[in-house]
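Since the structure comes first, as structure tokens, the remarks are kept for the end.
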Amino acid sequence: MQISGAVALVTGANRGLGKHFAEQLLSRGAKVYATARRPELVDLPGATVLPLDITDPDSVAAAAAAAPDVTLLVNNAGIDTATGLVTGDLDRIRRELDTHVWGTLAMIRAFAPRLSDGAILNVLSAMSWFNYPGHTAYGVAKAAEWNLTNGVRLELAEQKTLVTALHLGAADTGLSDYDGPKGDPAVLVRAGLDGIEQDRVEVLADEWSAHVKASLAGDPSEFYRNDE
């Protein structure tokens, strides 16, 4: 798939990775629908701004009606409530799943019928494959979203829809409370869009994601011992 001439819809485009996606898509010659729960915060000259809450079925339906020509869906919107599983607030855990799993699925179901020969890019995480104290609800949600991506890819193969999973570690967007090294969001986003143009079903955007995935073949105790 070529980005130039594509019609893309980006969720969570008001800041962070979503804003980078919209900017780079525009620079590559795509028409862009930039969506956000608070559309007044979207500052992207050249983009068509739409309100969208992916956890609200009516909002998803309205966005699908307003953007009938989409050929590339970028599922970027997400949250991290920094909630644990054993004693954490259940409503916060449900918010994680409602956003990353049910919200992503709602978007795919709404747009899939028009994505024959098009593409879907799901922004996932290295945490699809491991978990981290204080953010275990997020890890569960991303693991579920990863296999959701795999399932959707199988179901949409007949209509030739490319479904790409973009995995990345912490990004330097100001939205993470992680104190360690963070990747350049422009570089991470570029890797995802390059992956779309290369028809790749999975993109490991940084060394950390590649390291985590490679560790899956080993004993989990070794991974957590080495990465404490």
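The pair Glu202-Lys213 meets the salt-bridge criterion, since a charged nitrogen lies less than 4.0 angstrom from a carboxylate oxygen. For Arg94 and Asp91, the salt-bridge test passes: some basic side-chain N is under 4.0 Å from an acidic carboxylate O.
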Pair Phe111-Arg114, side chain to side chain contact (heavy atoms under 4.5 Å, CB included): steps then yes or no: CA-CA 6 Å; Phe111 284 89; Arg114 65 195 70 174; 3.8 Å; yes
Arg95/Thr55 under side chain to side chain contact (heavy atoms under 4.5 Å, CB included): CA gap, chis, key distance, verdict: CA-CA 9 Å; Arg95 280 184 61 204; Thr55 67; over 6 Å; no
Val189/Leu17 under side chain to side chain contact (heavy atoms under 4.5 Å, CB included): CA gap, chis, key distance, verdict: CA-CA 7 Å; Val189 165; Leu17 291 173; 3.9 Å; yes
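Looking at heavy atoms from C-beta onward, Val212 lies out of side-chain contact with His167 at the 4.5 angstrom threshold. By the 4.5 Å heavy-atom criterion applied to side chains, Trp146 and Met127 are not counted as neighbours. Contact of the His100 side chain with the Ile79 side chain is registered, since non-hydrogen atoms from C-beta on lie closer than 4.5 Å. Residues Val32 and Thr48 fail the side-chain proximity criterion, which asks for heavy atoms closer than 4.5 Å. Residues Asp69 and Tyr33 meet the side-chain proximity criterion, which asks for heavy atoms closer than 4.5 Å. Contact annotation: the side chain of Leu166 never approaches that of Leu124 to less than 4.5 Å [non-hydrogen atoms, C-beta and beyond]. Taking the side chain as every heavy atom from C-beta outward, Val70 and Leu72 never approach each other to under 4.5 Å. Looking only at side-chain heavy atoms (C-beta outward), Lys142 and Trp129 stay at 4.5 Å or farther from each other.
The structure places CG of Leu105 at 12.0 Å from CG of Asp98, a figure rounded to the nearest 0.5 Å. The line from CG of Leu193 to CG of Leu188 is 11.5 Å long, rounded to the nearest 0.5 Å.
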Counting only pairs under 3.5 Å, give me each side-chain donor-acceptor contact of residues 147-156, with atom names and distances, residues two or more places apart or in other chains.
residue	atom	partner	partner atom	Å
Asn147	OD1	Asn150	ND2	3.2
Thr149	OG1	Asn122	ND2	2.9
Thr149	OG1	Glu145	O	2.7
Asn150	OD1	Arg153	NH1	3.0
Arg153	NE	Val163	O	2.8
Arg153	NH2	Val163	O	3.2
Arg153	NH2	Val201	O	3.0

Report all side-chain donor-acceptor pairs from residues 2-13 shorter than 3.5 Å, counting only partners two or more places apart or in another chain.
residue	atom	partner	partner atom	Å
Thr11	OG1	Val74	O	3.4
Thr11	OG1	Asn76	N	2.8
Thr11	OG1	Ala77	N	2.8

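Here salt bridge (charged side-chain N to carboxylate O under 4.0 Å, His left out) pairs that include residues 39-64, with residues two or more places apart or in two chains, are Arg38-Glu40.
Considering every non-hydrogen atom in both Ser59 and Pro51, the closest pair reads OG-O, 4.1 Å. The two residues Ala205 and Leu168 come nearest to each other via the heavy atoms CB-CB, 4.2 Å. Residue Thr83 comes nearest to Arg92 through the heavy atom pair OG1-NE, 3.0 Å, listed as atom of the first residue, atom of the second, then distance. Annotation for Ala119 and Ile196: closest pair CB-CD1, 4.1 Å, computed over non-hydrogen atoms.
With 3.5 Å as the limit, one finds no donor-acceptor pair spanning the side chains of Asp219 and Tyr224.
Within 6.0 Å of CD in Gln159 there are more than 12 heavy atoms belonging to other residues, nucleotides or ligands. Arg109 CZ: 12 or fewer foreign heavy atoms inside a 6.0 Å radius. More than 12 non-hydrogen atoms from other residues, nucleotides or ligands lie less than 6.0 angstrom from CZ of Arg28.
Checked against the 6.0 Å centroid threshold, Trp208 and Phe130 count as a close aromatic pair.
Under the 4.5 Å side-chain contact rule for hydrophobic residues, Tyr138 and Phe223 share a cluster.
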